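All values below were derived from every heavy atom in this structure, side-chain atoms included, with hydrogens, water molecules and symmetry-related copies excluded. Because the structure is predicted, anything quoted here is derived from the model rather than measured.
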Amino acid sequence: MSEDDIYAEFAQQGVALERLEHPAVHTVEESAAIHQALPAAHTKNLFLKDKQGKFWLVTLPSDRRADLKAFALLLGAGKFSFAKPEDMERLLHVTPGSVTPLAAANAAGEVTVVFDAAFAEDQRIAVHPLRNTATIALSFGALEAWLRAKGVETKVIALP
């Protein structure tokens, strides 16, 4: 799926979103100004691989520290490591710095998306639209429903 395809589907479904264009950001620290300009729950996205070769995209609040060992234990994944950029490009069709739950639609059945339960409480979630030079904010419920409709396995879990 392309960014335009995603926007078209959200428009067709009546999903309201707000888009902010900005210079490229590669880290949460670089995106501080975006957090102020676009009110929403901002994210940190980790593209991971477990020992069995299964791929996971873990999305947590941007201000949270990631504990891969605890995540793997909670999800029954054995041990996590960061997936290779080649796998990211092949499966998600994005490059490092642009990882987003939206990209999982390009890898339905091959990537499990895990959201921290904190997002269920927030009205809007902010994610990249397949590139790190823009951020969109939309309803968390609409995002999760869209992913499930695309055949993406999603989990909402209180991450440690």
Side-chain angles (χ1 to χ4, degrees), residues 1 3 5-7 9-10 13-20 25-29 31-32 34-35 38-50 52-83 87-88 91-132 134-160:
M1 294 200 74
E3 181 178 351
D5 294 335
I6 291 168
Y7 291 144
E9 286 193 11
F10 283 142
Q13 295 171 14
V15 174
L17 61 86
E18 184 178 355
R19 180 172 66 191
L20 178 68
V25 291
H26 296 93
T27 65
V28 170
E29 292 76 24
S31 63
I34 297 163
H35 297 196
L38 188 63
H42 288 264
T43 61
K44 179 183 296 184
N45 298 285
L46 309 172
F47 187 51
L48 306 170
K49 186 176 182 180
D50 67 22
Q52 293 76 37
K54 183 176 178 183
F55 292 95
W56 303 75
L57 198 164
V58 176
T59 299
L60 59 153
S62 61
D63 60 352
R64 290 271 303 282
R65 188 178 147 292
D67 184 341
L68 299 188
K69 188 174 182 179
F71 294 171
L73 185 64
L74 179 67
L75 296 166
K79 182 180 177 186
F80 276 139
S81 61
F82 286 98
D87 292 325
M88 182 184 301
L91 293 168
L92 302 178
H93 303 193
V94 296
T95 57
S98 299
V99 176
T100 171
L102 295 169
N106 289 322
E110 297 185 73
V111 175
T112 299
V113 178
V114 178
F115 291 102
D116 186 272
F119 293 119
E121 300 168 11
D122 292 312
Q123 211 167 20
R124 296 192 326 161
I125 185 170
V127 297
H128 289 310
L130 307 182
R131 60 187 169 97
N132 65 355
T135 301
I136 64 170
L138 70 157
S139 153
F140 173 74
L143 172 59
E144 188 186 16
W146 181 80
L147 286 168
R148 283 193 316 266
K150 291 289 183 194
V152 176
E153 180 183 356
T154 65
K155 297 177 184 287
V156 179
I157 298 174
L159 294 170

Over all atoms of both residues, closest heavy-atom pair of [X] and [Y]:
| X | Y | result |
| --- | --- | --- |
| Ala104 | Leu147 | CB-CD2, 4.3 Å |
| Pro39 | Ala137 | O-CB, 4.5 Å |
| Ala158 | Ala117 | N-CB, 3.6 Å |

CA sep, side-chain torsions, deciding dist, call: Leu92, Phe55, side-chain contact (heavy atoms from CB on, under 4.5 Å): CA-CA 11 Å; Leu92 302 178; Phe55 292 95; over 6 Å; no

Side chain to side chain contact (heavy atoms under 4.5 Å, CB included) with [X]: which of [options]?
| X | options | result |
| --- | --- | --- |
| Arg124 | Leu138, Leu143, Leu38 | Leu38 |
| Leu46 | Leu57, Leu60, Val99 | Leu60 |
| Val114 | Leu74, Val156, Val58 | Val58 |

Roughly how far, to the nearest 0.5 Å, is [atom2] of [Y] from [atom1] of [X]?
| X | Y | atom1 | atom2 | answer |
| --- | --- | --- | --- | --- |
| Thr95 | Leu130 | OG1 | CG | 10.0 Å |
| Glu3 | His128 | CD | NE2 | 11.5 Å |
| Ile34 | Thr135 | CD1 | OG1 | 4.5 Å |
| Leu48 | Lys54 | CG | NZ | 12.0 Å |
| Leu75 | Asp50 | CG | CG | 9.5 Å |

Please assess Leu91 against Asn106 for the test side-chain contact (heavy atoms from CB on, under 4.5 Å), listing each intermediate value before the final yes or no. CA-CA 7 Å; Leu91 293 168; Asn106 289 322; over 6 Å; no

Test item: [X] side-chain N/O and [Y] main-chain N/O as donor-acceptor pair under 3.5 Å:
| X | Y | result |
| --- | --- | --- |
| Asp116 | Leu159 | yes |
| Asn132 | Val25 | yes |
| Lys150 | Ala108 | no |

Do [X] and [Y] have side chains that approach each other closer than 4.5 Å (heavy atoms only, starting at C-beta)?
| X | Y | value |
| --- | --- | --- |
| Met88 | Val94 | yes |
| Arg19 | Tyr7 | yes |
| Phe115 | Thr43 | no |
| His42 | Ser31 | no |
| Thr100 | Pro129 | no |
| Met1 | Leu102 | no |
| Asp67 | Pro160 | no |
| Trp56 | Phe71 | no |

Report the relative orientation of the aromatic rings in Phe10 and Trp146; use parallel for angles under 30°, tilted for 30 to 60°, perpendicular for over 60°. tilted

Please walk me through it: do Asn45 and Thr59 pass side-chain contact (heavy atoms from CB on, under 4.5 Å)? CA-CA 5 Å; Asn45 298 285; Thr59 299; 2.7 Å; yes

Kindly indicate, with the supporting measurements, whether the criterion side-chain hydrogen bond (donor to acceptor under 3.5 Å, both in side chains) is fulfilled by Thr112 and Lys155. CA-CA 8 Å; Thr112 299; Lys155 297 177 184 287; over 6 Å; no

Take atom NZ in Lys79; do more than 12 heavy atoms of anything else shown fall under 6.0 Å from it? no

Could you check whether atom CD of Glu18 has more than 12 heavy atoms from other residues, nucleotides or ligands sitting under 6.0 Å from it? yes

